[in-house]
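This report concerns only the one structure given below.
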Amino acid sequence: MKLPSPRGPVSDAVITALTQAPHEFTAGVPDSDDDLHLSLFVLYELHYRGWDGVDDTWEWHPGMLALRGRLEGDFEAELRRLPVPEDTDDVPHTLIAMTRETGGPSLSGYVRGRATYEQFREFATHRSVYHLREADPHTFAIPRLGGKAKAALIEVQIDEYGGGAVGRMHQEMFKDTMTALGLDTTYGAYVDLVPWQTLANNNLMSLFGLHRRLRGALLGHLAAYEMTSTGPNRAYGNGLRRLGGDENATRFYDEHVEADAVHEQIAAFDMCGSFCKAEPELAGDVLFGARCVLTMEDRWAEYVLSRWEAGESSLRT
């Protein structure tokens with residue numbers, strides 16, 4: 001992935017440093033959400049596939065880790081202010097209730113019936129930041145679990161990775177959708193174009209995935225993702241068909257309609273339910289992770305819809 005353009009003093013300091021050999025490094029305070037979340041995204045990517053031309057030893061550089069910890073502290077402090085159910089006696093059914101809550105903006109409904117072709121391309125551009133590495137953040141949890149919870153997570157992840165068949169990996173399927181839409185399928189090609197709300201959704205997964213203490217939150221995040229996937233993906237697929245998308249273009253969405261109908265039960269009961277029985281002290285973290293993703297996805301959808309309804313692009317210029 002090519003390094004993006006800075007969006008403030010901290011992201012500027014980070015990106016400038018990464019173009020050089022590792023050296024002593026410090027940075028100030030972000031001056032905006034754009035600056036904070038781009039900085040975090042750049043730092044997190046060092047733990048995934050890295051950046052073009054960047055020395056890999058930056059990944060564990062003390063200065064970079066210190067900055068990341070400070071930025072994460074600000075991000076997590078904001079997340080901890082979200083309201084989370086206090087009853088942890090029956091986490092699977094609490095998750096079901098949380099994911100059935102209504103009131104957020106229906107981006108999927110808009111895409112299904114009203115989105116223009118160009119708006120669908122924008123939607124896919126936003127989602128490409130995650131879908132081109134789909135499932136990778138949640139895979140960090142596998143070595144941190146045991147027993148039934150671990151087996152359930154692996155069952156979900158095996159499907160995400162196409163059972164080992166490259167063409168069936170969800171990451172690869174999304175490339176087909178992007179190709180049909182005339183988009184660049186290069187990993188991370190659109191980081192510069194997406195707003196901080198999109199980056200924040202991706203940073204949330206990395207925050208949970210890279211900290212063992214937040215393994216419960218990561219499972220809650222995945223469960224909420226899977227449990228709210230079937231209906232929206234059906235709408236996205238139908239929206240793309242309405243705009244002329246063929247079977248190859250919609251295969252990514254159609255696959256999620258079928259797979260996630262099964263995954264939602266596995267995630268809620270076998271994965272989160274078993275985890276909470278094994279580590280009951282972390283049951284609240286499972287619900288915290290679910291609340292975070294549900295809230296942030298709603299905020300992102302609200303931003304995108306507000307721009308479209310104003311007749312503007314939801315992407316940065």
Side-chain angles (χ1 to χ4, degrees), residues 1-7 10-11 14-15 17-19 22 25 36-72 75-76 124-145 153-154 156-158 160-162 164 166 169-175 178 183-215 217-219 221-222 225 252 289 292-293 296 300:
M1 192 189 300
K2 294 181 180 178
L3 283 167
S5 302
R7 302 187 190 181
V10 176
S11 54
V14 170
I15 291 167
L18 291 179
T19 63
F25 171 80
L36 185 150
H37 282 290
L38 180 64
S39 300
L40 266 181
F41 186 87
V42 170
L43 293 169
Y44 282 144
E45 184 57 32
L46 295 171
H47 300 287
Y48 289 95
R49 304 187 199 180
W51 298 98
D52 291 352
V54 173
D55 191 320
D56 285 341
T57 57
W58 274 116
E59 179 183 3
W60 298 108
H61 186 278
M64 288 294 178
L65 292 177
L67 173 62
R68 199 190 87 188
R70 181 155 53 84
L71 299 178
E72 286 176 329
F75 185 27
E76 187 175 349
T125 298
H126 285 282
R127 287 305 203 192
S128 69
V129 180
Y130 170 62
H131 286 322
L132 292 181
R133 67 178 182 200
E134 183 165 339
D136 292 348
H138 300 109
T139 299
F140 281 117
I142 291 176
R144 296 168 178 168
L145 303 178
L153 174 58
I154 291 173
V156 172
Q157 296 301 84
I158 284 174
E160 299 290 335
Y161 293 122
V166 174
M169 291 174 61
H170 292 180
Q171 299 174 6
E172 297 298 318
M173 287 184 184
F174 195 71
K175 288 183 180 179
M178 295 183 72
L183 296 172
D184 186 349
T185 62
T186 304
Y187 179 73
Y190 294 112
V191 170
D192 259 335
L193 289 183
V194 299
W196 70 265
Q197 291 89 339
T198 305
L199 296 179
N201 281 343
N202 285 270
N203 288 340
L204 180 66
M205 302 181 218
S206 298
L207 172 67
F208 293 163
L210 291 171
H211 290 272
R212 193 179 71 84
R213 68 179 175 85
L214 295 173
R215 60 195 179 278
L218 185 63
L219 296 187
H221 182 290
L222 176 57
Y225 231 48
F252 172 85
C292 288
V293 65
M296 294 186 65
W300 171 76

Which atoms form the tightest heavy-atom contact between [X] and [Y], and what is the distance?
X	Y	answer
R49	E45	N-OE2, 3.1 Å
A141	L219	CB-CD2, 4.4 Å
Y161	E134	CE2-O, 3.9 Å
L38	P4	CD1-CG, 3.7 Å
P195	H126	CD-CE1, 3.3 Å
T186	D184	OG1-OD1, 2.7 Å

For the residue pair [X] and [Y], establish whether any side-chain heavy-atom pair is separated by less than 4.5 Å.
X	Y	result
K175	M178	no
H221	M205	yes
Q171	D136	yes
L46	V54	yes
V191	L199	yes
L222	V293	no
V10	R70	no
L153	Q157	yes

Would you indicate whether D56, at its atom CG, is surrounded by more than 12 heavy atoms from other residues, nucleotides or ligands within a distance under 6.0 Å?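 12 or below, so no.
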Answer yes or no: are there more than 12 heavy-atom neighbours, outside R212 itself, under 6.0 Å from its atom CZ?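 Open: at most 12 neighbouring heavy atoms sit under 6.0 Å from CZ of R212.
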Partners meeting side-chain contact (heavy atoms from CB on, under 4.5 Å) with [X] (sequence neighbours left out):
X	answer
N202	F41, V129, Y130, R133, T198
E72	L40, Y44, R68, L207, H211
S5	D192
M64	V14, A17, L18, F25, L43, W58, H61

Can the positive tip of R127 be found less than 6.0 Å from the middle of the six-membered ring of F174, inside 45° of the ring normal?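 Checked: cation-pi criterion not met.
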Quick one: CG on L204 to CE on M296, what's the gap to the nearest 0.5 Å?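 Taking CG in L204 and CE in M296, the distance rounds to 5.0 Å.
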Any chance you could measure L218, atom CG, to C292, atom SG, to the nearest 0.5 Å?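 Result: 11.5 Å between the selected atoms.
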Determine whether a donor-acceptor pair (N or O, by modelled atom type, separation under 3.5 Å) exists between the side chain of S11 and the backbone of P6.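 Answer holds: no.
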Would the distance check show the side chain of D55 and the main-chain N or O of P22 forming a donor-acceptor pair, the cut-off being under 3.5 Å?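 Flag not set: sc D55 to bb P22 has no pair under 3.5 Å.
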Is there a donor in the side chain of Y187 and an acceptor in the side chain of S128, or the other way round, less than 3.5 Å apart?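 No.
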Which residues pass the ring pair (Phe, Tyr, Trp, His ring centres under 6.0 Å) test with Y190, not counting sequence neighbours?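 Y190: no ring pair (Phe, Tyr, Trp, His ring centres under 6.0 Å) contacts found.
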Could you tell me whether F75 and H37 have their ring centroids closer than 6.0 angstrom?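 Here the rings of H37 and F75 have centres that are less than 6.0 Å from each other.
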May I ask you to check whether H47 and F140 place their ring centers less than 6.0 Å from one another?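 Ring centroids of H47 and F140 are no less than 6.0 Å from each other.
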Working for side chain to side chain contact (heavy atoms under 4.5 Å, CB included), residues K2 and W51: CA-CA 6 Å; K2 294 181 180 178; W51 298 98; 5.8 Å; no
Thinking salt bridges, do E76 and R213 make one under a 4.0 Å N-O criterion?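 So E76 pairs with R213 through a salt bridge.
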Taking salt bridge (Lys or Arg N to Asp or Glu O under 4.0 Å) as the definition, give me every residue that meets it alongside E59, ordered by chain and number, with sequence neighbours left out.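 In terms of salt bridge (Lys or Arg N to Asp or Glu O under 4.0 Å), with neighbours along the sequence ignored, E59 is linked to no residue.
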